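A quick write-up on the structure given underneath.
As the structure is a prediction and not an experimental result, all values here were calculated from the model. Below, all heavy atoms of this structure are taken into account, side chains as well, without hydrogens, waters or symmetry copies. Atoms within each ligand, like the ligands themselves, are counted from 1 in listed order.
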Amino acid sequence: MAKVLCVLYDDPVDGYPTSYARDDLPRIDHYPGGQTTPTPRGLDFTPGHLLGSVSGELGLRRFLESAGHTFVVTSDKEGDDSEFDRELPDADVVISQPFWPAYLTADRIAKARNLKLAITAGIGSDHVDLDAAVARDVTVAEVTFSNSISVAEHVVMMMLSMVRDYLPAHQWVLDGGWNIADCVSRSYDIEGMHVGTVAAGRIGLAVLRRLKPFDVQLHYTDRHRLPEPVERELGLTFHESTADMVPHCDVVTINAPLHPETEGLFDDKLIATMKNGAYLINTARAKICDRDAIARALRSGRLAGYAGDVWYPQPAGPDHPWRAMPHHGMTPHISGSSLSAQARYAAGTREILESWLAGTPIREEYLIVDKGHLAGTGAHSYSTR
Ligand code: NDP
């Protein structure tokens with residue numbers, strides 16, 4: 001019997017919801033490109049309910065406990081005396097979400113003597129030390145595509161809200177004002193702007209597709225070039241590198257994984273090559289940007305706006321400089337955890353567990369590390385040191 005240790009974010013401050021804004025979710029059975037949405041053998045939750053918080057339990061308790069497994073759920077993940085650390089030594093499986101990551105460092109992997117499987121309920125497994133997972137033969141899997149469109153929608157929302165300066169205008173309304181000049185003195189149209197994405201994978205390409213009708217000039221850079229018909233359909237300009245692309249762009253969106261090649265990519269030097277007054281949207285990973293360089297660029301005006309939902313560490317402390325820098329549109333890490341996304345990644349987590357517990361293969365597209373190597377999606381998108 002397995003012990004499954006699951007780290008989830010806290011319930012809402014006013015308690016676990018007893019009702020929801022909408023009755024149901026649209027039915028989606030496949031993603032762009034044809035991959036099917038998760039296909040677990042059963043589901044013990046209502047799609048559209050809050051599953052990603054502690055009381056939601058990713059809808060897994062009945063499934064696991066009825067088969068005799070032990071299921072521990074906690075939000076307490078920081079420090080040596082956290083519940084996560086106390087429960088880790090004999091856990092066979094760890095489940096964590098990028099929004100509230102249980103950092104599986106090399107030290108923790110060494111302490112987790114039974115650990116065989118680390119599941120990311122969502123996408124982005126950089127909170128797991130992949131080198132240590134490779135060395136210890138821990139399988140790492142994530143629910144590929146489960147929230148890619150959720151993030152793409154968030155990126156477009158943030159881009160428009162930054163360029164049009166939506167958030168300060170909304171604040172004027174909350175404050176009882178009607179200050180049109182204050183509201184519009186930094187407000188532009190995105191039409192005609194040059195918008196570039198660092199990476200055109202699932203999210204990056206979905207962002208490009210959503211932006212096309214806004215009549216913008218679209219740019220991208222990626223390690224692999226998109227098929228020529230896609231470039232033609234969307235009118236894309238390809239650049240060999242991020243450094244080549246950013247000087248051309250009014251708006252840059254980062255949609256690449258965090259790995260040694262991308263860590264610290266947006267530093268003072270790169271930002272100095274961007275257009276004065278460019279906007280940067282980062283929903284990928286915070287460490288792709290140099291934290292202090294971003295704050296400096298907003299203060300100097302080199303960047304006109306920065307928005308995203310990814311921080312380091314997570315949760316970010318109350319004195320994190322990004323909370324107080326000017327012209328930002330940061331949210332906590334939420335873009336990939338809409339109720340719609342939760343239904344998919346909870347089902348995908350169950351699908352992965354069903355396969356692993358039955359000893360049958362986990363879908364190739366869910367794999368990041370398997371049998372001591374980068375595998376599946378991991379082999380394509382990640383690198384180890
Ligand atoms: P994909 O794997 O579909 O796409 C990632 C793309 O990045 C691939 O095309 C890959 O290239 C490319 N890439 C990798 N390294 C570089 C580089 N150095 N320069 C340019 N391109 C690079 O991932 P997704 O689109 O699904 O997700 C992207 C990232 O977004 C995730 O890794 C995760 O960190 C983040 N994310 C954030 C979420 C949130 O809630 N905020 C939720 C989900 C994901 P190639 O394929 O050619 O190797």
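- Contact between S148 and ligand 1 is present, with at least one heavy atom of the residue lying under 4.0 Å from the ligand.
- Protein heavy atom closest to atom 42 (C) of ligand 1, with residue, atom name and distance, is V151 CG2, 3.3 Å.
- For atom 14 (C) of ligand 1, the nearest non-hydrogen atom from the set A199, S146, G122, P257 belongs to P257.
- Relative to the six-membered ring of F63, R350 meets both conditions, a distance below 6.0 Å and an angle of at most 45° to the axis.
- When A286, A256, G336 are ranked by how near their heavy atoms come to atom 29 (C) of ligand 1, first place goes to A256.
- Considering backbone and side-chain N/O of I203, one or more are found under 3.5 Å from N/O of ligand 1.
- Distances between N or O atoms of T242 and those of ligand 1 include no value under 3.5 Å.
- Between N282 and the choices V252, V155, I254, the side chain to side chain contact (heavy atoms under 4.5 Å, CB included) rule is met once, by I254.
- Judged by the 6.0 Å and 45° rule, K77 forms no cation-pi pair with F84.
- Using a cut-off of 4.0 Å between Lys/Arg side-chain N and Asp/Glu carboxylate O, R108 and D85 are scored as salt-bridged.
- Ligand 1 lies out of reach of F145, whose nearest heavy atom is not under 4.0 Å from it.
- In this structure, atom 11 (O) of ligand 1 lies nearest to the protein heavy atom D222 OD1, 2.7 Å.
- In terms of protein heavy-atom proximity, atom 2 (O) of ligand 1 is closest to S381 OG, 2.9 Å.
- Nearest non-hydrogen protein atom to atom 1 (P) of ligand 1 is R202 NH1, 3.3 Å.
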*Does the salt bridge (Lys or Arg N to Asp or Glu O under 4.0 Å) test come out yes or no for E351 and R41, once each step is laid out?*
CA-CA 7 Å; E351 182 186 334; R41 282 194 293 277; over 6 Å; no

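- D90 and R113 are not joined by a salt bridge, as no carboxylate oxygen comes within less than 4.0 angstrom of a charged side-chain nitrogen.
- Protein heavy atom in closest approach to atom 4 (O) of ligand 1: G201 CA, 3.3 Å.
- Remark: distances from the non-hydrogen atoms of H154 to ligand 1 are all 4.0 Å or more.
- Considering backbone and side-chain N/O atoms, E261 comes within less than 3.5 Å of an N/O atom of ligand 1.
- Checking E142 against T120 by side-chain atom types alone, no donor-acceptor pair falls below 3.5 Å.
- Counting heavy atoms under 4.0 Å from ligand 1, residue H224 touches it through both backbone and side chain.
- By heavy-atom distance, the residue among E365, Q97, R223, H259 lying nearest atom 19 (N) of ligand 1 is R223.
- F145 carries R202 over the face of its six-membered ring, with the cationic atom under 6.0 Å from the centre and within 45° of the normal.
- Looking from atom 28 (C) of ligand 1 to the surrounding protein, the closest heavy atom is N255 O, 3.3 Å.
- Taking the ring axis of W311 as reference, the NZ or CZ atom of R291 does not stay both within 45° of it and closer than 6.0 Å to the ring centre.
- Between E263 and R285 there is no salt bridge, since no side-chain nitrogen of the basic residue lies less than 4.0 Å from a carboxylate oxygen of the acidic one.
- Residue S335 has at least one nitrogen or oxygen atom sitting less than 3.5 Å from a nitrogen or oxygen atom of ligand 1, judged on distance alone.
- Protein heavy atom nearest atom 43 (C) of ligand 1, with residue, atom name and distance: N147 OD1, 3.3 Å.
- Remark: E261 engages R223 in a salt bridge, criterion side-chain N to carboxylate O under 4.0 Å.
- In this structure, atom 46 (O) of ligand 1 lies nearest to the protein heavy atom H380 NE2, 2.5 Å.
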